[in-house]
Each structure stands twice: as C-alpha cells, then as structure tokens.
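Values below: every heavy atom of this structure, side chains too, minus hydrogens, waters and symmetry copies.
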2 protein chains.
Amino acid sequence: MRWDELDTDNCPVARTMAVMGDRWTVLILRDCLRGVSRFDDFCARLGCSRTTVSDRLARLVEAGVLETEAYQAHPPRHDYRLTAQGRDLGGVLMLMARWGETWRPKAGTRPLQRRHRACGRAFQPILVCSECGEPVAPGSVEYGDTAAAAG
Amino acid sequence: MRWDELDTDNCPVARTMAVMGDRWTVLILRDCLRGVSRFDDFCARLGCSRTTVSDRLARLVEAGVLETEAYQAHPPRHDYRLTAQGRDLGGVLMLMARWGETWRPKAGTRPLQRRHRACGRAFQPILVCSECGEPVAPGSVEYGDTAAAAG
DNA sequence: ATTTGAGAGTACAAAAAATAGACTCACTCG
DNA sequence: CGAGTGAGTCTATTTTTTGTACTCTCAAAT
C-alpha cells in the first residue's frame with residue numbers, strides 16, 4: 001500500500017495519516033500554528049532540505065490544509081496560511097506536544113507556553129468526554145467495532 | 001536530519017514524532033488500542049508487508065510504547081501490549097480519528113463508536129482548557145515562544 | 001511416524017522515496 | 001552595476017520500503 005492509497009481507507013485515522021503522516025509535514029504544521037508563513041523561514045527552522053520543504057508545502061496546499069496568499073506580485077511571493085482544516089489539526093499537535101513533554105522530557109527545556117485567548121491564561125489541553133464532561137483517562141475507552149479493547 | 005536525530009530535538013512535538021511519526025506505526029497503535037495484539041493479526045489488518053510490521057513493532061517495543069508478554073513458551077510466542085506510554089497516545093489517535101471523520105468523511109462508513117467507561121456512553125473527545133474548562137476552539141491558542149501566532 | 005498447518009519471523013533483491021547541496025530565476029536596493 | 005533575497009528546481013546519492021520466498025518450532029491430524 002502506498003501513501004495515496006491510504007486516503008481511501010475505511011479508517012478515519014488512516015485518512016488523517018494520508019494528510020499529516022510524515023514527520024516534516026507535522027513540523028511544518030507546528031510552525032504554521034506558531035505563525036511562520038514563508039518558505040525560507042520553514043527551511044531555517046526545520047533543518048531539512050529545501051526540496052523536502054518544497055514538496056511538503058505543495059502537498060499540504062493540495063490537501064487543502066494550507067493555502068497560499070500573495071503578498072507581492074512581481075517576483076510572485078506568497079505566504080502559506082492555515083485553512084480551517086489546518087487550524088483544526090492544532091488539537092492533535094497540542095496533544096502530541098503534551099505527550100512529548102510527559103514521556104520524553106528534556107532537561108533545560110522550559111515547558112511550552114500556550115495561552116487560551118478566551119480566558120487569557122496559560123493552559124494545558126485536556127481531553128474530556130462530550131457526554132459527561134469528565135476527563136477521558138488513557139485506557140478508559142472501548143471501541144465498538146472489535147472485541148473488548150485495551151484502549 | 002534523520003529519524004533518530006529527531007528525538008533529541010528541543011521541540012516536544014518533534015520528540016513525539018520520533019516515536020510515532022510514521023503511518024504504519026500509527027495504524028499499529030490504532031489496532032493495539034482496539035485490542036489487536038498478535039503479529040499475524042497486525043499483518044492481516046494493515047495491508048503492508050510482514051517486514052514492515054516486524055520493523056515497526058520492534059521500534060515500538062524499543063521505545064517503550066509496547067511491551068511483549070509471553071503467552072506460550074515452547075515455540076516462543078507473545079502478545080504485543082500497550083504500556084502506559086502507549087495508552088496515553090490514545091488521545092492523539094482519537095483526535096486524529098475525529099479530524100478524519102470531519103474533513104475526510106467517507107460515504108457508507110458509520111462513525112466510529114467510542115464508549116467512555118466512566119459514564120458508559122458513546123462520546124466524542126473534546127479538548128478543553130485546563131484553566132477555564134471551556135473548549136479550546138481552533139485558532140484560539142497563542143504561543144509564547146514566537147510572535148503572535150495564528151494557531 | 002509422517003504430513004500439514006499455524007505463528008512469528010528473516011533474507012534478499014528490486015523499486016520507490018528522501019536527501020543534501022548546488023544551481024536558477026526574477027527581481028530590488030544601494 | 002553588483003550584491004542580496006526569496007523561492008524554488010535539478011541531480012546524483014543514500015535510505016527506506018516493499019514483495020516474495022524462505023526458515024524455524026512446534027501441535028494436530030492422518
């Protein structure tokens with residue numbers, strides 16, 4: 001199975017992976033969420049080749065996660081901006097950041113500061129149940145499409 | 001930059017990607033969360049080569065996300081089980097599933113059923129702010145380590 | 001006792017993708 | 001005019017990924 005075959009898969013996780021299932025893609029998205037929008041800035045922060053940045057940005061634009069916005073016409077120049085789809089990936093990224101901070105802590109790194117615009121405070125993302133509002137603990141979820149699950 | 005260099009990176013997202021930043025790895029994790037635990041079962045569900053399954057399982061065990069548990073001694077056979085680290089990735093996977101259902105819907109697929117053991121109901125995962133308890137809308141987060149952010 | 005089959009891999013070579021680093025192109029600024 | 005900048009593209013090399021076939025250990029069936 002190749003990359004592009006994944007997106008027709010029955011599983012929504014697989015279809016999401018078809019879009020963001022690559023480390024560079026995820027790191028580009030991370031930078032977008034932090035306000036980076038230009039080619040050379042991505043290159044400078046990522047530490048990977050320009051070819052790779054070019055390829056990933058093009059894929060993300062094609063997938064509708066990013067869009068380009070011209071800021072200068074003559075040598076055509078544009079910013080890469082998140083679409084609604086892209087902003088909605090922010091939650092996934094936040095949880096990934098939290099996992100990394102918890103299980104792969106790094107000495108000398110101050111925890112990442114996130115501020116919730118609605119209340120103005122630095123916060124951590126918490127996953128709660130839409131029905132009872134309580135946090136969803138790891139291991140407290142059962143899936144209906146298979147035998148009793150461990151997740 | 002190569003795979004294994006990522007895990008020493010300063011960014012917690014990058015360190016997480018060093019562990020789960022590969023489509024097959026994520027799909028294996030997804031299956032683990034749904035209760036799959038044996039080599040051939042992963043092979044059957046994934047549609048990728050046995051080599052790939054073998055490699056990814058070994059990486060996950062080495063990373064401490066999965067562990068093996070013998071269920072038979074003589075031809076040594078074991079289950080692959082999630083560790084606490086692995087179960088904690090469940091949140092990331094749930095949000096990825098939700099993104100896929102929202103933005104890459106597929107006709108004829110019933111939405112994935114998840115049940116919250118604590119309250120017994122089918123639910124959707126919601127990301128809330130640890131400080132005010134309100135949902136964190138896409139685009140309502142500011143990051144402190146860069147200029148004003150779009151995320 | 002021999003054959004068949006399951007489970008869990010390995011080995012190996014072919015094919016595909018990713019990478020670094022240099023190069024290009026179209027301007028703009030001094 | 002020459003240097004600089006932003007955004008790529010080209011190419012050859014390296015790495016990964018993949019498929020297929022093979023191995024190994026045992027249990028069950030014949």
Can you measure [X] atom [atom1] to [N] atom [atom2] for me and round it to whole angstrom units?
X	N	atom1	atom2	result
L66(B)	dA8(C)	CG	C1'	16 Å
D55(A)	dA16(C)	CG	C1'	13 Å
L46(B)	dA8(C)	CG	P	15 Å

> Base, backbone or nothing for each nucleotide of nucleotides 2-10 of chain D, written B, S, -, heavy atoms under 4.0 angstrom, 5' to 3'?
Replying inline: ----BBBBB

> In terms of ring plane angle, is the pair Y80(B) and F42(B) parallel, tilted or perpendicular, where the classes change at 30° and 60°?
Replying inline: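 Because their plane-to-plane angle is over 60°, the rings of Y80(B) and F42(B) count as perpendicular.
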
> Would you call R23(A)-D22(B) a salt bridge at under 4.0 Å N-O?
Replying inline: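 Salt bridge between R23(A) and D22(B), a charged N being under 4.0 Å from a carboxylate O: no.
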
>> What I want to find out is whether R114(A) reaches E142(B) closely enough, with some N-O distance under 4.0 Å, to be called a salt bridge.
In response: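 Here R114(A) does not pair with E142(B) in a salt bridge, since their nearest N and O are not under 4.0 Å apart.
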
Return no unless some side-chain N or O of [X] is found under 4.0 Å from OP1 or OP2 of [N].
X	N	answer
S49(A)	dT19(C)	no
W24(B)	dT18(D)	yes
R23(B)	dT17(D)	no

> Hey, what do you get for CD (E101(A)) to NZ (K106(A)), rounding to the nearest 0.5 Å?
Replying inline: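 E101(A) CD to K106(A) NZ: 13.5 Å, rounded to 0.5 Å.
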
> When rounded to the nearest 0.5 angstrom, what distance separates CD in Q85(B) from CH2 in W103(A)?
Replying inline: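 Rounded to the nearest 0.5 Å, the CD-CH2 separation comes out at 5.5 Å.
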
>> Using heavy-atom distances to pick each residue's nearest nucleotide on DNA chain C, tell me which of Q72(A) and R56(A) is more 5'.
In response: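 The residue mapped nearer the 5' terminus is R56(A).
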
>> Do S54(A) and T51(A) pair up side chain to side chain, a donor and an acceptor below 3.5 Å, judged on atom types alone?
In response: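 No, T51(A) and S54(A) have no side-chain donor paired with an acceptor closer than 3.5 Å.
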
